[in-house]
Amino acid sequence: MSATPAVHVAVGVIRDGDGNILLTRRARHAHQGGLWEFPGGKLEADESVAQALRRELREEVGITVKNAHPLIKINHRYPELRVLLDVWQVTDFSGTADAREGQAMRWVAPQRLSAYTFPAANLPIITAARLPDRYAILEGQNAEQVLSNLERIVDKQIQLLQLRLKTLPTAAVSAVCEAVLEKCQRRGIRVLLNSDLALSHRNADGIHLSSRALLACRSRPPHYQWVAASCHNLSELRHAEQIGADFAVLAPILPTPTHPGARTLGWEAAANLITRVNLPVFFLGGLELADMDRARHAGARGIAGISAFLT
Ligand SMILES: Nc1nc2c([nH]c(=O)n2[C@@H]2O[C@H](COP(=O)(O)OP(=O)(O)OP(=O)(O)O)[C@@H](O)[C@H]2O)c(=O)[nH]1
Ligand SMILES: [Mg+2]
């Protein structure tokens, strides 16, 4: 085992007003030369990640960071080098991006990122950049309630949802599912069907595996654009990472009225678990939108919730 510490790198996923992301191309002679990257660079001694990000983005692309938050951390071992990519999303900046080191540079729509060749460590960064920070779980006791909950989700401009329907009578599931998919498609909301629904995925954007379904998978279920999984501990998170799931939901973080007395992870343990996998993770359980900043700084991509988004 090599004891060399990882090279700590501050990386910026910089967004313009239209949501496009800034890519630059690494110099030919550099490590991972010729590949596309998100601008950034190594932390200097005594520098925080935020300070390094600010300095690197000024040096490389001439912008001044005004607002940024953690997006994802990646621990990756290249044959010659270990890196810790501390990736932040830059949501506001001043100045006009300009390739200060003569490198190729482009603003790219998130859904076009997969057309570019990046270093091997970058795949989960690209997935994280394509995900919003809120993942709603749609439930209801009857069709009417599901559809009215959907209205509230739409009103809150949520772009990603899991159709779970655990509390809906089985006979109603198929018709409700169709109605939800139709409405979401019109509004560009991505829908993942919970694996317990055992429905055809033809019109959905993906599948959300229960932790039981996750552990039964030896590889990523084929044919889905998005694959997510429910996790409660490290071995489930590692399994999700290993089969190539796009993201995980980690629960329960805090106590909820629906599961009184259930064992919860708490902020610290949840933050620790995330450092062990290279996977975007949403926190679920007892959280509100007001917890978003805390969740991001604990390493989460964002917050998932059944009621969090409906109040
Ligand atoms: N900036 C950046 N570095 C990345 C990405 N992905 C990735 O594996 N890396 C790796 O992170 C390491 C450090 O990045 P860097 O070369 O930008 O560091 P730097 O700007 O300080 O470069 P310098 O040493 O020439 O001053 C490199 O080994 C690079 O291959 C990425 O998306 N952006
Ligand atoms: Mg650099």
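Just so you know, these numbers come straight off a predicted model, no measurement behind them. Indexing begins at 1, ligand by ligand and atom by atom, following the structure's order. Counting from 1, the numbers follow the sequence of the chain as shown.
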Indicate yes or no: does an N/O atom of Q32 lie under 3.5 Å from an N/O atom of ligand 1? no
Tell me the protein heavy atom at minimum distance from atom 9 (N) of ligand 1, and give that distance in Å. L85 CD2, 3.8 Å
Quick note on ligand 1: atoms under 4.0 Å from a heavy atom of G40 include exactly 1 (N), 17 (O), 20 (O)
Do any N/O atoms on V83 end up under 3.5 angstrom from N/O atoms on ligand 1? no
Pair H8, D86: side-chain N/O donor-acceptor within cut-off below 3.5 Å: yes
Between N122 and E37, a side-chain donor and acceptor under 3.5 Å: no
Ligand-residue contact atoms, ligand 1 with L81, heavy atoms, under 4.0 Å: 28 (O)
In the protein, which heavy atom is nearest to atom 2 (C) of ligand 1, and how far is it? E37 OE1, 3.1 Å
What's the shortest distance from atom 19 (P) of ligand 1 to any protein heavy atom, and which residue and atom give it? G41 CA, 3.5 Å
Flag the pair Y224 / L192 as yes when at least one side-chain heavy-atom distance between them is below 4.5 Å, and no otherwise. no
Just distances here: any N/O of V11 and N/O of ligand 1 closer than 3.5 Å? no
Just need the protein heavy atom nearest to atom 8 (O) of ligand 1, so name the residue and atom and give the distance. Y78 OH, 2.5 Å
For the Mg ion (ligand 2), decide whether E60 has an N, O or S atom at a distance under 2.8 Å. yes
Report the relative orientation of the aromatic rings in F118 and F38; use parallel for angles under 30°, tilted for 30 to 60°, perpendicular for over 60°. parallel
Among non-hydrogen protein atoms, atom 28 (O) of ligand 1 lies closest to H31 ND1, 2.6 Å
May I ask you to list the atoms of ligand 1 that are less than 4.0 angstrom from any heavy atom of E60? 20 (O)
Is A30 close enough that one of its N/O/S atoms sits under 2.8 Å from the Mg ion (ligand 2)? no
To the nearest 0.5 Å, how far apart are CG in L209 and CG in D196? 9.5 Å
Other residues, nucleotides, ligands: >12 heavy atoms within 6.0 Å of H259 NE2: no
Taking only Lys NZ, Arg NE, NH1 and NH2, and the carboxylate oxygens of Asp or Glu, determine whether D246 and R130 approach each other closer than 4.0 Å. no
Sub-4.5 Å side-chain heavy-atom contact between R294 and W267: yes
Close-contact set for ligand 1 against N122 heavy atoms, below 4.0 Å: 5 (C), 6 (N), 7 (C), 8 (O), 31 (C), 32 (O)
Measure the distances from the heavy atoms of W36 to every atom of ligand 1 and state whether one is below 4.0 angstrom. no
What class does the angle between the rings of W107 and F93 fall in, given that below 30° is parallel, 30 to 60° is tilted and above 60° is perpendicular? parallel
Any side-chain heavy-atom pair from T91 and R15 closer than 4.5 angstrom? no
